Visitor: 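One structure, as structure tokens, below. Some questions next.
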Amino acid sequence: MDTLGFPFFTHCTQANVSDDPGLLEMLSHNLDYFRAKPVNIPKITILLDNGYHPETLSLALQKLYPQILTKIRFELSPKPTKAEKAALGKTGFVVVATRWVIERSNAWMERCKSLVKFSP
């Protein structure tokens, strides 16, 4: 998703595929997009939650397309520590702006049932 929450690509995986392999699969299916992107414009920032491992993703992507890291960068959404939550007087889930962009976009797509549900 971009910073406004509009998806670049969508990809459905089986339920037993974890975050990193699923993202690698999606990006590998769309490598032509990245090959066509000029190097002299700003990098695409891919927002990730803390279930992803940017170092592992970077190494795997470099094997598929060595120049990809000149065109993209990964950004982990911040995860508040217990001390930061305590300072705010909060416990449990705390809304983080960058993470909320993704969750909001998923909710928008969920509202369009014909896009995400199969009817018998």
Side-chain angles (χ1 to χ4, degrees):
M1 311 229 169
D2 67 9
T3 54
L4 295 175
F6 298 115
F8 275 101
F9 311 110
T10 57
H11 182 67
C12 293
T13 63
Q14 294 178 338
N16 64 349
V17 176
S18 65
D19 294 343
D20 288 345
L23 180 59
L24 286 171
E25 192 175 302
M26 182 190 68
L27 292 174
S28 67
H29 288 301
N30 295 286
L31 280 179
D32 289 338
Y33 173 83
F34 298 105
R35 285 187 178 106
K37 185 182 180 302
V39 179
N40 60 344
I41 61 175
K43 290 182 178 183
I44 295 171
T45 300
I46 298 175
L47 298 173
L48 304 173
D49 65 20
N50 289 282
Y52 293 90
H53 304 91
E55 301 81 20
T56 305
L57 292 167
S58 297
L59 290 172
L61 286 171
Q62 283 182 314
K63 290 177 185 173
L64 293 173
Y65 174 50
Q67 292 81 24
I68 195 162
L69 293 179
T70 63
K71 300 178 181 191
I72 66 169
R73 70 182 187 95
F74 296 113
E75 181 182 319
L76 280 175
S77 65
K79 184 177 181 180
T81 65
K82 288 182 182 181
E84 291 170 334
K85 287 181 186 180
L88 294 171
K90 299 191 177 206
T91 60
F93 177 79
V94 176
V95 174
V96 176
T98 55
R99 190 170 64 200
W100 201 249
V101 169
I102 296 167
E103 297 302 328
R104 180 198 63 203
S105 300
N106 289 340
W108 286 343
M109 286 189 280
E110 179 68 25
R111 226 181 293 140
C112 300
K113 299 287 187 209
S114 63
L115 296 176
V116 295
K117 304 277 190 234
F118 296 103
S119 57

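Worth knowing before you read on, the calculation uses all heavy atoms, side chains too, and leaves out hydrogens, waters and symmetry mates. All values derive from a computational prediction rather than experimental measurement.
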Visitor: Tell me every residue that passes side chain to side chain contact (heavy atoms under 4.5 Å, CB included) with K85, counting only those two or more places apart in sequence or in another chain.
Guide: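 Counting only residues at least two positions away or on another chain, K85 forms a side chain to side chain contact (heavy atoms under 4.5 Å, CB included) with P80, V94.
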Visitor: How long is the straight-line distance from OG of S58 back to CD1 of I72, given to the nearest 0.5 Å?
Guide: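 Answer rounded to 0.5 Å: 7.0 Å.
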Visitor: Is any side-chain heavy atom of L64 closer than 4.5 Å to a side-chain heavy atom of F34?
Guide: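 When only atoms from C-beta onward are counted, F34 and L64 do not touch, as no gap falls below 4.5 Å.
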Visitor: Any chance you could measure F9, atom CZ, to N30, atom CG, to the nearest 0.5 Å?
Guide: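 Going from CZ on F9 over to CG on N30, the span is 4.0 Å.
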Visitor: Tell me whether L61 shares a hydrophobic cluster with V17, the cluster being built from Ile, Leu, Val, Met, Phe, Trp, Tyr side chains joined at under 4.5 Å.
Guide: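 No.
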Visitor: For I41, enumerate each residue passing the side chain to side chain contact (heavy atoms under 4.5 Å, CB included) test, keeping only those at least two apart in sequence or located in another chain.
Guide: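 Partners of I41 by the side chain to side chain contact (heavy atoms under 4.5 Å, CB included) criterion, ordered by chain and then number, come out as K37, P38.
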Visitor: Can you name the side chain to side chain contact (heavy atoms under 4.5 Å, CB included) partners of L59, sequence neighbours left out?
Guide: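 Result, side chain to side chain contact (heavy atoms under 4.5 Å, CB included) vs L59: Q62.
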Visitor: Would you mind checking if E84 and K82 are paired as a salt bridge, meaning a charged N to carboxylate O distance below 4.0 Å?
Guide: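 Looking at K82 and E84, the cut-off is not met.
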Visitor: How would you list all residue pairs meeting side chain to side chain donor-acceptor pair (under 3.5 Å) that involve residues 13-27, not counting sequence neighbours?
Guide: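 Only H11-E25, D20-H53 qualify under side chain to side chain donor-acceptor pair (under 3.5 Å).
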Visitor: Only counting residues at least two apart or in another chain, list the ones meeting side chain to side chain donor-acceptor pair (under 3.5 Å) with Y65.
Guide: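 With neighbours one apart ignored, the set is K71.
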Visitor: Tell me, do L24 and T56 make a side-chain contact under 4.5 Å, heavy atoms counted?
Guide: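 Side-chain contact under 4.5 Å: no.
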Visitor: Any chance you could measure I46, atom CD1, to L23, atom CG, to the nearest 0.5 Å?
Guide: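 I46 atom CD1 to L23 atom CG measures 6.0 Å (nearest 0.5 Å).
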Visitor: Give, for atom CD of Q67 and atom CG of L31, the distance between the pair rounded to the nearest 0.5 Å.
Guide: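 If we round to the nearest 0.5 Å, Q67:CD and L31:CG are 11.0 Å apart.
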Visitor: Compare every heavy atom of E75 with every heavy atom of T45, then report the nearest pair and how far apart it is.
Guide: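 Answer, listing the atom of T45 first, then E75: CG2-OE1, 3.5 Å.
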Visitor: Which residues pass the side chain to side chain contact (heavy atoms under 4.5 Å, CB included) test with T91, not counting sequence neighbours?
Guide: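 Residues passing side chain to side chain contact (heavy atoms under 4.5 Å, CB included) with T91: none at all.
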Visitor: Are the side chain of K43 and the backbone of L69 linked by a donor-acceptor contact shorter than 3.5 Å?
Guide: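 Checking the backbone N and O of L69 against the side chain of K43, a donor-acceptor pair under 3.5 Å is found.
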Visitor: So how far is it from L48 CG to F74 CZ, rounded to the nearest 0.5 Å?
Guide: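 Reported to 0.5 Å precision, the distance equals 6.0 Å.
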Visitor: Could you check whether any side-chain heavy atom of L76 comes within less than 4.5 Å of a side-chain heavy atom of L47, counting everything from C-beta outward?
Guide: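 Side chain of L76 against side chain of L47, heavy atoms only: no contact under 4.5 Å found.
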